[in-house]
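Values below: every heavy atom of this structure, side chains too, minus hydrogens, waters and symmetry copies.
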Amino acid sequence: MNLTMIMDHATRFGMAAQVERLAPLRDYAVSLLKGNRPSQDVSNKITSNTRFITLQPSVVKQEVLDVIQQALLDGMSIEALYQKRGADEPKLLQLKPLGLSYQDSNIYLSCVFKGLPQGNIAALPLHRFRTARTMFEDIAAPEDYDINSVPAMRSLVGLRTDHPVQIRLRVSHTLSERLQENPLTDDQTLEPETTDWWLMSGSIHLSQGLDLWLLSQGEHLEVLEPTALRAQIAESAKRMVALYAGE
C-alpha cells in the first residue's frame, strides 16, 4: 500500500517517466492489493493529494534524463544544449551535474558550469535541455557538495538567508488550529492574543517558498517581524488590492 501511494505521488508531481520505468514493481504492488481481497479492488482506496493547485509537469526528454543520471553516478561532466526561458536559440553549456531535485512539478539539475562565478551553484530545469552527452573533460565540483546545503538551496528553492531568522506572525484562530497540528517551524510557539487571534513565533530561513506560503494565507495572517519581510508582503498585498480596486 505504501509503495503504491509513493508511486502515485511521484507520478502526480513530475516523475511519471521514472515511475513508468518501474512499472513491473508498481504493477506487482497493485496486484498484491487486489490479491489480498479477490472480491474487492482496494487499489482505488489510496491516493496522494494536495490542497494547493499544482501545475502540470513539464516534459523532460528521457534521453537527456538518462545521460544526466548516468553522469551523476559516474562523476562525469556533460555537454548540453540548454535553452533559457525567453531565448530564441539554445546555448551550449559544459557542466558538472551535482544532484537532482524534484520540486514544483519539475526536475531541477543542481550543477556548476563553465562561466559560472566561483563558488556559485546553479539550478537548471531539465525541460529546457535540448540535448546532453558526456564529455571527457572534467569540470571541478565543489568540495563536500551537499544538495541540502545553503549554497545549493539558494538556487534550488530561492533561499535568501544563510541561517534561520526569527519570525513573528499574528494568525487567526482557524490558522492557529492548523499550525498546532502542522507547525511551520521546529521551534514554533503559539500564544493567544485575543479570542480571535494568536501570536506565532519561530525561526526559519527566508525563501521564496516562505513568501508564497505567507501570501497564500490571505486574511488569516499578518507578518509582524522581521520588518523587512512585513514590508515585502505588505507591498505584494497592496499590488493585489490594486488589481481589484476597479470593482
Side-chain angles (χ1 to χ4, degrees), residues 1-33 43-44 46-50 52-116 120-142 145-148 152-153 155-158 208-209:
M1 186 177 288
N2 290 338
L3 183 58
T4 303
M5 185 169 59
I6 289 170
M7 287 194 168
D8 177 65
H9 184 85
T11 299
R12 289 168 181 263
F13 297 100
M15 289 175 274
Q18 293 88 321
V19 171
E20 192 56 38
R21 298 181 74 177
L22 298 173
L25 182 59
R26 178 198 60 202
D27 294 344
Y28 174 68
V30 172
S31 71
L32 290 180
L33 286 177
S43 62
N44 63 351
I46 54 174
T47 187
S48 64
N49 248 319
T50 174
F52 293 94
I53 295 296
T54 56
L55 302 179
Q56 294 295 316
S58 297
V59 177
V60 175
K61 291 186 176 182
Q62 187 60 52
E63 59 269 26
V64 167
L65 181 59
D66 289 343
V67 168
I68 290 175
Q69 287 179 326
Q70 195 61 50
L72 276 171
L73 292 174
D74 298 337
M76 298 287 290
S77 297
I78 68 170
E79 190 173 71
L81 280 177
Y82 178 81
Q83 189 162 355
K84 191 176 179 179
R85 178 188 290 165
D88 295 328
E89 298 290 339
K91 179 181 179 180
L92 186 66
L93 291 181
Q94 293 180 327
L95 57 86
K96 182 67 169 279
L98 302 174
L100 290 172
S101 177
Y102 295 79
Q103 59 189 58
D104 303 329
S105 301
N106 289 321
I107 308 174
Y108 288 81
L109 174 65
S110 182
C111 65
V112 292
F113 56 80
K114 283 189 175 182
L116 189 70
N120 286 14
I121 298 175
L124 304 177
L126 286 196
H127 59 269
R128 296 184 190 153
F129 282 76
R130 300 296 172 255
T131 63
R133 66 180 182 87
T134 55
M135 63 182 196
F136 290 108
E137 181 182 356
D138 186 45
I139 297 175
Y145 170 82
D146 182 351
I147 200 167
N148 295 308
M153 285 297 171
S155 56
L156 285 171
V157 298
Q208 181 186 28

**Report entry** Minimum-distance pair of heavy atoms, taken over all atoms of A132 and V67
**Finding:** O-CG2, 3.5 Å
Report task. Report the distance from atom CG of L81 to atom NZ of K91, rounding to the nearest 0.5 Å. Result -> 12.0 Å
Query raised in the report: Considering residues at least two apart in sequence or located in another chain, which fulfil the side chain to side chain contact (heavy atoms under 4.5 Å, CB included) criterion with L73?
Result: Q70
Query - CD1 on I139 to CE on M76, rounded to 0.5 Å - result: 11.0 Å
Report task. Could you go through the side chain to side chain contact (heavy atoms under 4.5 Å, CB included) check for N106 and L55 one step at a time? Result -> CA-CA 9 Å; N106 289 321; L55 302 179; over 6 Å; no
**Report entry** Note, V64 side chain near T131 side chain (heavy atom, < 4.5 Å)
**Finding:** no
Requested in this report: Nearest 0.5 Å please: distance from the CG atom of L126 over to the NZ atom of K61.
Outcome: 12.5 Å
Query raised in the report: In Å and rounded to the nearest 0.5 Å, what is the CD1 to CG distance from I68 to L124?
Result: 9.0 Å
**Report entry** Atom pair CG (L100) and CD1 (I107), whose distance is rounded to the nearest 0.5 Å
**Finding:** 7.0 Å
Requested in this report: Side-chain contact test, heavy atoms from C-beta onward, threshold under 4.5 Å: evaluate it for L116 versus L95 and give yes or no.
Outcome: no
Query raised in the report: What's the shortest heavy-atom distance between E79 and L92, and which atoms?
Result: CG-CD1, 3.5 Å
Query raised in the report: Mind checking what makes salt bridge (Lys or Arg N to Asp or Glu O under 4.0 Å) contact with E20, not counting sequence neighbours?
Result: R26
Report summary line: In short, L98 meets L72 closest at the heavy-atom pair C-CD2, 3.4 Å
Query raised in the report: Can you name the closest pair of heavy atoms from Y145 and G99 and give their distance?
Result: OH-N, 4.1 Å
Query raised in the report: Do you know the tightest heavy-atom contact between C111 and P97?
Result: CB-CA, 4.2 Å
Query raised in the report: Are side-chain heavy atoms of N148 and M153 found at a separation under 4.5 Å?
Result: yes
Report task. Using a 4.5 Å cut-off on heavy atoms from C-beta on, say whether the side chain of D74 contacts that of T134. Result -> no
Report task. Mind listing the closest non-hydrogen atom pair of V112 and A140 along with its distance? Result -> CG2-O, 3.6 Å
Query - Separation between CE of M135 and CD of Q94, rounded to the nearest 0.5 Å - result: 4.0 Å
**Report entry** Side chain proximity check, L156 to I147, heavy atoms < 4.5 angstrom
**Finding:** yes
Requested in this report: May I ask you to test the K96-D138 pair for a side-chain heavy-atom distance under 4.5 Å?
Outcome: yes
Report summary line: Sequence neighbours excluded, the answer for ring pair (Phe, Tyr, Trp, His ring centres under 6.0 Å) partners of Y82 is F129
